[in-house]
Amino acid sequence: MMYAINIYGEAGVFEQLPQDRQAEVLAGHTALQTRLAERGAFVSVKLMPPSTAVTLTPAPASDQPPLVVDGPFAETKESFLGFYAAAFRDLDEALEHARMISSPIARLEVRPIAWAGGAISTDG
Amino acid sequence: MSATCDWLAARFAQQRPRAMAALTRYFRSVDLAEEAFAEACVKALAHWPQTGTPRDPLAWLLTAARRSGLDMLRKHQRQSRLLSENQVILEAEAAPLPDPDALRDDVLRLLFICCHPALARRDQIALALRVVAGLAVPEIARGFLVKPKTMERRITRAKSRIAAHPVPFETPSPQDRARRLREVSLMIYLMFTEGWSASETETQMRPLLCQEAIRLARLLAELFPGMGEQAALLSLLLFQHARRGARVDAQGRPVAFDDQDRHLWSRAEMEEARAFFHKARRIGHQGPYLIQAAIAAEHARAASPETTDWPLIEAHYAALYALQPSPVVRLNLIAVQAKTRGPEAALAEMQELAPDLDGYRWFHTMRAAFLEQTGALGAARAAYDRARQLGPTAPERMLLDEKIAGLQKNN
């Protein structure tokens with residue numbers, strides 16, 4: 001089954017860490033990427049800060065084009081920072097891989113993928 | 001410092017501007033806000049490793065800091081019996097945690113307090129670094145290349161100045177908010193510039209000031225996502241900063257823009273700069289920061305000076321000069337015109353600027369380079385000599401000496 005490992009955290013905290021702690025966090029990501037690459041196709045995405053985002057909101061009238069609002073989807077304490085997506089044998093294996101990038105500044109959500117197309121695909 | 005400390009310190013640093021801003025409004029005092037926040041962090045250091053980091057660290061720290069601040073005030077009042085402050089205490093105790101809109105205005109107010117016109121520009125910057133960014137005094141002193149004692153005195157003096165000129169704590173009118181944003185953005189821009197182009201120093205750059213300016217620009221862009229000017233400012237600073245690795249050579253000497261190895265420009269940072277640039281343009285903002293970001297974006301796009309669209313850059317500089325008709329902007333425009341029209345034309349244009357910019361070393365370095373290109377080697381040498389007398393940084397002086405030596409050899 002395919003799983004997404006979604007990363008949530010407070011934007012900007014990573015940048016406040018001293019160099020060696022940043023390196024620690026990055027080492028986890030490098031290790032995970034190497035491991036995933038050995039196993040086959042995967043996707044890994046790091047998003048730019050939420051302040052770069054614009055949001056499309058449905059217009060009040062259904063025949064109007066959506067409204068484009070400057071700013072992220074929601075002003076939350078923690079935001080969606082990035083994700084990995086790959087096929088794993090089961091939830092345990094996905095969790096085991098998520099642990100590789102666990103750090104005190106991030107919350108990780110492991111969530112099964114219902115459908116994926118593009119660089120990785122759930123079809124066949 | 002234990003490992004836990006590092007992780008938590010990063011959290012505290014991230015909350016600091018918002019927390020300090022809200023606390024300054026509660027207590028009507030920057031000093032008390034600082035003490036209360038420091039104490040809240042001490043409490044968090046004791047609690048969080050046991051209970052886990054709270055889901056809303058800011059709310060936790062604010063609640064703890066308010067309690068600490070009130071305790072301090074009560075102790076202080078028992079001694080001095082300042083009953084008038086009681087009102088403030090009660091208000092603070094009853095007040096709910098600020099909503100996002102109030103917090104936005106709080107942060108802007110705190111930054112604006114630091115920009116008080118009664119303070120010299122450098123003291124405004126130092127104060128913002130201390131109060132908002134939370135840097136330690138010795139760190140700020142290093143940023144400004146002064147002794148910690150001197151910086152301590154300057155910050156203390158600046159604080160008593162602003163205490164004597166209170167900024168209103170009511171919600172600002174839209175006009176006031178716009179004016180505050182403009183002032184604060186300018187201070188952040190100048191903080192960056194101060195770090196980017198040092199003079200009379202041993203180093204070419206003071207990275208601390210640049211980094212902190214970017215951090216503050218990020219804060220504004222986060223708080224005011226619909227404002228084009230703040231997106232443009234952040235874009236501009238990120239574009240500039242992305243080039244830092246190519247700006248000096250291995251010996252620490254400045255590298256002329258055209259000679260920079262563009263592989264050393266940080267692509268990731270330029271991409272982010274471009275994201276904010278597109279956003280500012282989408283909002284429909286027009287202003288000096290956006291024009292400068294547009295110039296930087298064109299440089300970032302081009303693989304080399306040869307493939308750069310100089311006429312486009314010239315048009316941008318002309319637009320900038322129309323908004324900011326200063327001699328330095330004109331000088332930049334002329335530098336680009338040297339590319340589009342040749343060095344002779346540039347030299348002729350520079351004549352008019354000579355009275356204004358005679359004390360500006362870049363004027364003479366630029367003039368020397370154009371004179372050299374036209375073969376007027378004696379005059380070029382004299383211009384390099386003049387630049388050398390105008391307080392170059394140590395690495396710049398090395399470079400000027402090389403130029404002068406080179407011209408002597410050829411003469």
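Below, all heavy atoms of this structure are taken into account, side chains as well, without hydrogens, waters or symmetry copies. The sequence lines fix the lettering, A, B, ..., with proteins before strands; numbering per chain opens at 1. Since this is a predicted model, take the numbers as computed values, not measurements.
Taking 4.5 Å as the limit, some side-chain heavy atom of B:Arg130 sits within range of a side-chain heavy atom of B:Val137.
Residue B:Arg282 touches chain A through its side chain alone, counting heavy-atom pairs closer than 4.5 Å. Heavy atoms of A:Pro104 lying under 4.5 Å from chain B belong to its backbone as well as its side chain. When heavy atoms are compared at a cutoff of 4.5 Å, A:Val13 approaches chain B by way of both its backbone and its side chain. B:Ala13 touches chain A through backbone and side chain together, each having a heavy atom under 4.5 Å away.
Ionic pairing of A:Arg35 and A:Glu38 is not present here: no N-O contact between side-chain nitrogen and carboxylate oxygen is shorter than 4.0 angstrom. The existence of a salt bridge linking A:Arg21 and A:Glu24 is confirmed by a sub-4.0 Å separation between a basic side-chain nitrogen and an acidic carboxylate oxygen.
Residue pairs meeting the side chain to side chain donor-acceptor pair (under 3.5 Å) criterion with at least one member in residues 207-224 of chain B, sequence neighbours excluded, are A:Gln16-B:Arg215, B:Arg18-B:Glu222, B:Arg218-B:Glu272.
Note: B:Gln15 leads B:His278, B:Gln15, B:Met227 in heavy-atom pairs under 4.5 Å with chain A.
Side-chain N/O atoms of B:Tyr289 and B:Gln230 include no donor and acceptor closer than 3.5 Å.
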